[in-house]
Protein chains: 2
Amino acid sequence: MSDRITAKYWIETPFPVAMAAEVMAGEQSSGTFTRLASETDELRAAHGARVERIVELDEVAQPSLPIRPLPAEMRTARFRRAEVTLSWPIANMGASLPNLLATVAGNLFELREFSGLRLLDLTLPATFAAAYRGPQFGIAGTRELVGVARGPLIGTIIKPSVGLSPTQTADLVRELVEAGIDFIKDDELQANGPHNPLAERVAAVMRVINEHAERTGKKAMYAFNITGEIDEMRRHHDTVVAAGGTCVMATLNAVGLPGIAALRRYSEVPIHGHRAGWGLFSRSPHIGIDYVAWQKLWRLAGVDHLHVNGLRNKFSEPDDSVIASARACQTPMFAAPAPECTVMPVFSSAQSAEQAADTYAALGNADLIYCCGGGIVAHPGGVAGGVASLRQAWEAAEQGIPLEQHAETHTELAQAIRAFRK
Amino acid sequence: MSDRITAKYWIETPFPVAMAAEVMAGEQSSGTFTRLASETDELRAAHGARVERIVELDEVAQPSLPIRPLPAEMRTARFRRAEVTLSWPIANMGASLPNLLATVAGNLFELREFSGLRLLDLTLPATFAAAYRGPQFGIAGTRELVGVARGPLIGTIIKPSVGLSPTQTADLVRELVEAGIDFIKDDELQANGPHNPLAERVAAVMRVINEHAERTGKKAMYAFNITGEIDEMRRHHDTVVAAGGTCVMATLNAVGLPGIAALRRYSEVPIHGHRAGWGLFSRSPHIGIDYVAWQKLWRLAGVDHLHVNGLRNKFSEPDDSVIASARACQTPMFAAPAPECTVMPVFSSAQSAEQAADTYAALGNADLIYCCGGGIVAHPGGVAGGVASLRQAWEAAEQGIPLEQHAETHTELAQAIRAFRK
C-alpha cells in the first residue's frame with residue numbers, strides 16, 4: 001500500500017491546466033511564490049506534492065468565481081475546467097486529520113490562479129486507520145444496541161427543534177417508545193441551552209426509555225446532542241451513559257475533527273454525526289468539498305452515523321447527491337486488514353412511507369436510519385400508526401412489492417398513503 | 001444589554017423577502033417545515049428566532065447558486081437580494097460557541113428557498129465574554145513578550161513550507177534572530193510530521209533563540225505549529241513552554257472552536273491563529289461567512305493573533321477586504337466592563353517594504369505582525385538588511401515620510417527598493 005495521500009480536485013483556471021496544477025502542488029507543499037535556494041531538488045523529491053493525473057473537461061468564457069484582472073495578453077483567455085489529482089508523502093504531516101485538512105483543503109482555495117476549486121475525493125494510507133480506528137460501533141454495533149437485526153432503524157427528531165422543557169421532551173418520548181420506535185434524536189439546535197439543560201433532559205428521557213425497556217425488552221436509542229466544549233462533551237457523555245443512554249450526537253462542523261476524535265477515544269456509545277452547516281461546503285458548484293471527501297474525515301475521526309439528507313427533501317439537494325452520499329458512507333475506506341470504517345447513513349428531511357421504495361432501490365440495502373417527522377406524529381392512527389406504516393413501507397420495499405399493493409393488506413400503510421400523498 | 005444574539009445575512013431568493021426571512025427564522029429555531037401543534041404561541045414567543053430588520057437590495061434575473069425548479073407560476077420570478085437580521089434568545093443555546101455556530105450557520109445554508117446566503121456579522125451578549133474570556137495576551141501582551149513597544153512586529157515564515165529538518169530550521173532561525181527579527185512562525189503545512197517532529201524542532205529552535213536572548217536581551221517570538229489532536233496540542237504546548245517558547249500556533253478551521261477554546265484554557269502563551277481553508281468561506285460572493293463574523297468566533301475562543309492576508313497579496317483577495325479584516329480584529333466586541341477581545345492582525349503573503357505606508361494609512365496604526373519572506377531573505381544586505389529595511393519602511397510610514405525620501409538616508413531601505421520594486 002502506498003504511503004502517499006492523494007486528493008482529487010475539480011478546478012477552473014484561465015491558465016494552462018498543467019501549470020495551474022503545479023501551482024496547487026507547490027503552494028500545498030514545499031513551494032512558495034518564488035523558488036528559494038533552500039528548496040533543493042532533494043527536498044522537493046522527498047516532500048513536494050506530485051501532480052498524479054489531469055483530466056481536462058470543458059471550458060467556459062467567464063470565470064465562475066471572482067478573480068483578479070488578468071494581464072492584457074490573457075484578456076481573451078477561456079476558463080478551463082479539469083480534474084486534477086495530487087499526492088503528498090505522509091512524511092509531510094503524519095497521520096493527523098487536522099494537518100491533513102490544512103494540506104488538502106488549506107490555502108489553495110484562495111489561490112489567484114483559480115476561478116473555481118473543489119476537493120472531490122481523498123485516498124489515505126492505512127496508517128490513518130491505525131492512528132484513528134474509525135467508528136466504534138458502525139452499522140452492526142448500532143443494530144445490536146437497538147435490537148434491530150434487519151431493515152432500517154425507524155427514527156424521528158424531537159420537534160419543535162428547540163423550546164420544549166425536559167419534561168415535555170420526555171412526554172413526547174413516551175409516546176414514541178410506546179409506538180415501538182427504534183431511534184430518536186435531539187434537534188441540532190437543542191444541546192444544553194438554559195431552558196432544557198442536557199442533564200435534566202437525559203434524566204427525564206432515560207427514565208421513560210428505561211421503564212419501557214424493562215417492561216417490553218425494547219430499548220430505543222436516543223441520540224442526545226452533546227455538542228459543546230471538549231470537557232463538557234465528556235461530562236455529558238458520562239451523564240448519558242450513567243443514565244443508560246446508548247448514543248450521543250455531535251454537530252461535526254461545530255465541534256471540529258480533533259473534538260470528534262477526542263470524543264471517539266472516550267465514548268462508550270455510538271456517535272451520531274450531524275452535518276449542520278454542510279451547505280457551506282456543497283451549495284456552490286465552484287468552491288467547497290464534496291461529501292465523498294468530507295465524510296471520510298469524520299468516519300476516520302470516529303462517528304458511527306452520518307446525516308445524508310433524504311430523497312425529495314425540503315432542502316436544495318438533488319436526489320442523486322443524497323444517494324451518492326449514502327453509498328459513500330457504506331463504502332469501505334481501507335482494504336483488509338485495516339478497518340472498513342463504514343458508517344450508518346441517516347436519512348431525514350420530509351421523509352415518509354413514500355420514499356422507502358426509491359431509497360431501497362437506489363441504495364440496495366436497508367442499513368440506514370430513517371428519520372421521519374410528520375409521517376409519524378401526524379399519522380391518522382397516531383404515532384404507533386405512523387411507525388407501523390413506515391415498517392410496512394420498508395417491508396414492501398425490501399420484498400419488491402408495490403406500495404399500493406402492500407397497503408391493501410396493511411391498514412397503517414393505507415392510512416399513511418391516504419393522509420400524506422400529495 | 002440585550003440577552004439576544006443577532007446575526008446579519010445577505011440573501012438571494014425568488015420568494016418575497018419577508019417570507020424567506022421567516023423561513024430562515026423558523027428553520028433555525030422552533031419551526032419545522034410544517035407547523036406542529038406543539039409549537040405553541042408561548043413556545044414561539046420564548047424561543048422563536050425573530051426577524052429584526054430587512055434591507056432590500058438589488059434583483060437579478062438568474063439564481064446565483066443552483067436552485068430547485070420553481071413552480072410554474074414563479075418561472076418568471078426575479079431573484080431578490082436583501083440584508084436580513086435575525087435574533088435568537090440566548091436561552092436556546094446558552095453561551096456556547098459550537099451551538100451558536102450550529103444555529104447561525106447551520107442548516108439554513110441548504111434551504112431550498114435561497115439561491116444565495118452569506119452570514120455577514122454577529123452580535124453577542126456579554127454572557128459569551130464571561131463564558132469564554134477571549135484572548136489571553138492580545139496586542140499588549142504580545143508586545144510585552146517580544147519587547148516591542150511600538151511599530152509592527154517584523155516577522156517571517158519558515159520556508160520551504162515543509163521539508164526542512166529540525167536542525168535546518170534552527171540554522172535558519174539563527175540567521176533570523178541575529179538579524180534582529182521579532183517574530184517567526186512555522187508554515188501551516190509544518191506541524192508534527194515524521195520528518196520534523198515538533199519536540200525536536202522546539203529543542204533545536206529554542207536553543208538558538210534562548211542563547212541569542214541571553215546574549216542580547218532580545219527574545220524573538222516563535223509560533224510553533226501545534227495543530228493536532230486535543231491531548232497532543234496540550235502536550236506540545238507544554239514542550240514549547242518548557243523550552244522557553246512564547247507562542248503556539250494552530251490552524252483554526254482544522255482544529256475547531258472547542259479545540260481552540262480548550263487550548264486557550266490551558267495555554268500559558270499567546271495562540272497564533274492561522275486561517276488556512278478560509279477561501280472556502282470567502283471565495284463565493286453567494287455562500288459562506290464574512291470575515292467580520294468568522295473572526296469574532298475565534299477571538300472569543302481565545303486566539304491572540306489572526307491572519308488577514310496582506311495588501312497586494314499573492315492570493316485572490318482584494319485590498320479593501322484585507323483592511324476590513326484587520327480593522328475587525330482591532331474592533332472591540334463588547335462594551336466595558338466586558339473584555340474587548342481585540343487581537344493582533346497578521347499581515348502576510350508577498351509583503352515587503354512597499355506595502356508598509358499603504359497598510360499604515362489604511363489601518364491607522366501599527367498594532368500588527370508584518371510577515372515577509374523574500375523581502376527579508378532575498379535582501380541584498382542579507383537577512384539583517386531585510387529586517388532593517390522593513391523597520392525603516394514602517395518608520396517612514398508612521399512618520400508620514402515618503403518611502404523614497406526616507407531611503408535617501410537609510411541604506412537598507414534603498415537597497416530593498418532597488419532590489420524588489422517591480
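Reminder, nothing fancy here: chain letters follow the sequence lines and each chain counts from 1.
The heavy-atom pair separating A:Glu317 from B:Arg68 by the smallest distance is O-NH2, 2.9 Å. Across every non-hydrogen atom of B:Ala191 and A:Asn99, the tightest pair is CB-OD1, 3.2 Å. The minimum heavy-atom distance linking B:Glu229 with A:Pro258 is given by the pair OE1-CA, 3.5 Å. In terms of heavy atoms, A:Glu27 sits closest to B:Phe315 at OE2-CZ, 3.7 Å. Contact detail for A:Ser29 and B:Ser161: the closest heavy-atom pair is O-CB, 3.1 Å. Of all heavy-atom pairs spanning B:Ile230 and A:Ala262, the tightest one is CG1-CB, 3.9 Å.
The candidate from A:Asp231, A:Asn92, A:Thr251 with the greatest count of non-hydrogen atom pairs under 4.5 Å with chain B is A:Asn92. By number of non-hydrogen pairs under 4.5 angstrom with chain B, the leading residue of A:Ala276, A:Gly256, A:Pro318 is A:Ala276. With chain B as partner, the option from A:Asn313, A:Val377, A:Ile157 having the largest number of non-hydrogen pairs under 4.5 angstrom is A:Asn313. Each of B:Ile90, B:Leu111, B:Leu101 has some count of heavy-atom pairs under 4.5 Å with chain A, and the biggest count is that of B:Leu111. Per-residue counts of heavy-atom pairs under 4.5 Å with chain B were compared for A:Val255, A:Leu257, A:Leu119; the largest is that of A:Val255. Top candidate by heavy-atom pairs under 4.5 Å with chain A, chosen from B:Ser96, B:Ala261, B:Gly228, is B:Gly228. Among A:Asn225, A:Leu65, A:Leu189, the residue with the largest count of heavy-atom pairs under 4.5 Å with chain B is A:Leu189. Interface summary for chain A: among B:Ala102, B:Ser284, B:Gly163, B:Gly94, the most heavy-atom pairs under 4.5 angstrom belong to B:Gly163. When each of A:Gly193, A:Pro160, A:Gly259 is checked for heavy-atom pairs under 4.5 Å with chain B, A:Pro160 comes out on top. Highest contact tally toward chain A, considering only B:Lys159, B:Met93, B:Arg118, is held by B:Lys159 [criterion: heavy-atom pairs under 4.5 Å].
The stretch residues 38-48 of chain A places A:Ser38, A:Glu39, A:Leu43, A:His47 near chain B, each with some heavy atom under 4.5 Å from a heavy atom of that chain.
If you measure heavy-atom distances from B:Asn196 to chain A, you find no contacts under 4.5 Å at all. Neither the backbone nor the side chain of B:Gln168 comes within contact range of chain A, judged by heavy atoms closer than 4.5 Å. For B:His286, no part lies under 4.5 angstrom from a heavy atom of chain A. Heavy atoms of B:Arg283 lying under 4.5 Å from chain A belong to its backbone as well as its side chain. Heavy atoms closer than 4.5 Å to chain B are found in the side chain of A:Arg265, but not in its backbone. Interface residue B:Ile287: only side-chain heavy atoms are found under 4.5 Å from chain A. B:Asn309 touches chain A through its side chain: at least one heavy atom from C-beta onward sits under 4.5 Å away, while N, CA, C and O do not. Both the backbone and the side chain of B:Leu164 have a heavy atom closer than 4.5 Å to some heavy atom of chain A.
Atom CD in B:Glu188 sits 6.5 Å away from atom CD in A:Gln28 (nearest 0.5 Å). Put simply, OG1 on B:Thr227 and CG on A:Leu100 are 12.5 Å apart, with the number rounded to the nearest 0.5 Å. How far CD of A:Glu110 is from OG of B:Ser349: 8.5 Å, rounded to the nearest 0.5 Å.
Looking at A:His274 and B:Asn107, their side chains come closer than 4.5 Å, going by heavy atoms from C-beta outward.
The backbone N or O of B:Ile67 sits nowhere less than 3.5 Å from a side-chain atom of A:Ser316 that would complete a donor-acceptor pair.
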